[in-house]
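Below is one structure; the comments refer to it alone.
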Amino acid sequence: MSRIRRLFMGSGAAAAASYGFALYVNDDIDDLTLRWGRYFSVPAVHGSSEKPKLVVLGSGWGAMSLIRKLDLDIVDLTVVSPRPYFFYTPLLAGSATGTVSHSNIAEPVRHAVFRDGVEKGRYIQASCQDVDFKNKKVRCAVEGTHVDVPYDKLVVAVGAQPATFGIKGVQENAYFLKELEDGVAVRSKVLSLIEKASALHNLKGAEKDAGTQTEIDRLLHFVVVGGGPTGTELCGELSDLLKKDVAKGFPEVAERVKITLVEGLPRILSMFDEGLANYAQKHLGQRDIDIRTNKFVAEVSTTQATLKDAKSKDLETIDYGMLVWAAGITTRPLVRSLMDAIGKDRGQDSRRGLKVDEFLQVQGADDVYAIGDCAVSGLPPTAQVASQQGKYLGRILREEFSNIVKGEEAATVVPQFEYKDKGKMAYIGGGEGVVEMTMSSEKKSSPSGELDYSFWRALHGAVGEPRIAGQSGFMIWRSVYFSMLLSAKNRVAIAGDWARTFLFGRDITTPPQQE
């Protein structure tokens, strides 16, 4: 019994340490006081007969990070989004190949409005059509009808949508990788094309038919446009799927599969350190991925893509079975309409989204905030930025709402939002990754007042901040993203997916396609 007791105690201590580490890494230590502090505190005396009404538009990184920082006992929260779940975008490429299940990287929005099993906010599955800034109402479309939702404070966190740059044929013929259903569609298409190619290969006399052989090669050509983290990681995941699972299940056509990565800039991962980007490019090339830099897509048809050389302007046509577009984002129609409603004369003169000030307040609109990809704040449109903005704004609003219900005056000094870049990571296939770590210099550990990180430099030979590539980069990539999963359920499910993939491989059963 003592041995079993020690095992349980050790497991409990490990789980607690892991939980504490995740809170620390993700700047969520205040979750402890928010979640458990109310059991030991005296209930606030309400100075107002009604709780302030907060409406949050969206269910992405910014929205969910904000909601999790709120005290739902002191705010009347309404979340409006056509998507009833949050999904973990860093693992979207993995869901497109079956490394992880798409359902395991999703978390229902309704879970976020519950505290201790009690619903303390409301979620409305609807699309926001317009905002009446004067009367503080949000107009929503729900199953053919319209509903007006009043607010005291409004947070716009609707994200962005893929940018096609007006290129002919992209919207009609390309697959995208922005939403959860996109990952499902990409996986279904990949396996369907491989099945079709295998069927053609096995036809009697096919080996002598030049037309059939050409069609097989076309079906097995996967083109990814966009050499940023999304496109690069998808190529890495596809190479894993093809070299490990397709090679076993479809040996007759596996060696004919081709992956092409198209990037308009001189190198992929242009936002990374050049050395890391070059390492990633070389590694992907060694995994038989054809990387075409300095190439822009000029036109896309159902079976062909026309590429233009950035220097010579020469055109080249390539046949493909599937083309995935991961080449940038643009503003959603709702955001553009809100920008027009506020007007350029009141500060909304950017084409990239809603301009906000240093407190994330929308310029020209009272009591309205914008966070994430739909906000123009001078920061890159990444999940890391959206998450930090959401946490910052959630804490600010929590403090403000607390003062309201207590009947106290609002804080005279509100801290500005400060973004802390924690680095960049990307998976590049074959159990390798690239990591560019950005170390904060807030803590003093040397006479000069700057952190020298001698351990990291000695370990990785770094002159400046750590640049890590290879298997150690992959382990950091996986560990950090695992710690950022929102719930224990997701962590258990994703750990199970990784174990299943390692032990048994990916499922190559073709799922039903959504037309």
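This chain uses plain numbering: 1 for the first residue, then up along the sequence. On a predicted model such as this, the values are computed, not experimentally measured, just so you know.
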- Does the separation of the ring centres of Trp498 and Phe502 fall below 6.0 angstrom? no
- Begin from the C-alpha positions of Asp273 and Arg467 and carry the test salt bridge (charged side-chain N to carboxylate O under 4.0 Å, His left out) through to its verdict. CA-CA 8 Å; Asp273 170 76; Arg467 308 285 192 261; 3.7 Å; yes
- Message: Within this structure, what is the CZ-CD distance for the pair Arg332 and Gln161, rounded to the nearest 0.5 Å?
- Response: 6.0 Å
- Message: Would you compute the distance between atom CH2 of Trp477 and atom CE of Met425 and round it to the nearest 0.5 angstrom?
- Response: 8.5 Å
Looking only at side-chain N and O atoms, does [Y] offer a donor or acceptor that is under 3.5 Å from a partner on [X]?
X: Ser198; Y: Glu252; value: yes
X: Tyr427; Y: Asp240; value: yes
X: Thr214; Y: Asp217; value: no
X: Tyr279; Y: Glu432; value: yes
X: Ser487; Y: His111; value: no
X: Glu237; Y: Thr99; value: yes
X: Arg187; Y: Thr97; value: no
X: Arg506; Y: Thr501; value: no
X: Trp61; Y: Gln388; value: no

Residue pair [X] / [Y], side-chain heavy-atom distance below 4.5 Å:
X: Val356; Y: Gln389; answer: no
X: Ser95; Y: Phe87; answer: no
X: Leu315; Y: Leu307; answer: no
X: Ile67; Y: Tyr123; answer: no
X: Leu154; Y: Leu54; answer: no
X: Val434; Y: Leu269; answer: yes
X: Glu215; Y: Leu200; answer: yes
X: Met484; Y: Tyr88; answer: yes

- Centre of Tyr392's six-membered ring, under 6.0 Å away, within 45 degrees of the axis: is that where NZ or CZ of Arg395 sits? no
With a cut-off of 6.0 Å (strictly less than), are more than 12 heavy atoms of other residues, nucleotides or ligands near [atom1] of [X]?
X: Gln129; atom1: CD; result: yes
X: Arg256; atom1: CZ; result: yes
X: Lys178; atom1: NZ; result: yes
X: Gln416; atom1: CD; result: yes
X: Gln471; atom1: CD; result: no
X: Lys344; atom1: NZ; result: no

Is it the case that the side chain of [X] and the backbone of [Y] share a donor-acceptor pair, with hydrogens and angles ignored and the cut-off at 3.5 Å?
X: His221; Y: Asp319; result: yes
X: Arg292; Y: Leu261; result: no
X: His201; Y: Thr212; result: no
X: Glu179; Y: Glu181; result: no
X: Ser59; Y: Pro84; result: no

Mind listing the closest non-hydrogen atom pair of [X] and [Y] along with its distance?
X: Cys235; Y: Ile259; result: SG-CG2, 4.0 Å
X: Gly431; Y: Phe474; result: O-CB, 3.3 Å
X: Gln384; Y: Lys422; result: OE1-N, 2.6 Å
X: Ile124; Y: Val142; result: CG2-CG2, 4.3 Å
X: Val138; Y: Cys128; result: CG1-SG, 3.5 Å
X: Val362; Y: Tyr369; result: CG2-C, 3.6 Å

- Item | side chain to side chain contact (heavy atoms under 4.5 Å, CB included) between Lys258 and Asp290, intermediate numbers included | CA-CA 8 Å; Lys258 182 180 180 181; Asp290 181 21; 4.0 Å; yes
- Message: Under the criterion salt bridge (charged side-chain N to carboxylate O under 4.0 Å, His left out), I'd like the reasoning laid out for Glu316 against Lys308: C-alpha separation, chi angles, the key distance, then a yes or no.
- Response: CA-CA 6 Å; Glu316 173 189 4; Lys308 176 187 286 188; over 6 Å; no
- Worked check of side chain to side chain contact (heavy atoms under 4.5 Å, CB included) between Leu193 and Met322: CA-CA 8 Å; Leu193 289 170; Met322 181 184 70; 3.7 Å; yes
- Task: Scan Arg287, Gln286, His283, Lys244 and name whichever one has a side chain to side chain donor-acceptor pair (under 3.5 Å) with Ser239.
- Result: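 Exactly one pass, corresponding to Arg287.
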- Side-chain ion pair, Lys355 and Asp349, N-O less than 4.0 Å: yes
- Message: Under the criterion salt bridge (charged side-chain N to carboxylate O under 4.0 Å, His left out), I'd like the reasoning laid out for Asp288 against Lys243: C-alpha separation, chi angles, the key distance, then a yes or no.
- Response: CA-CA 10 Å; Asp288 301 322; Lys243 289 183 176 297; 2.9 Å; yes
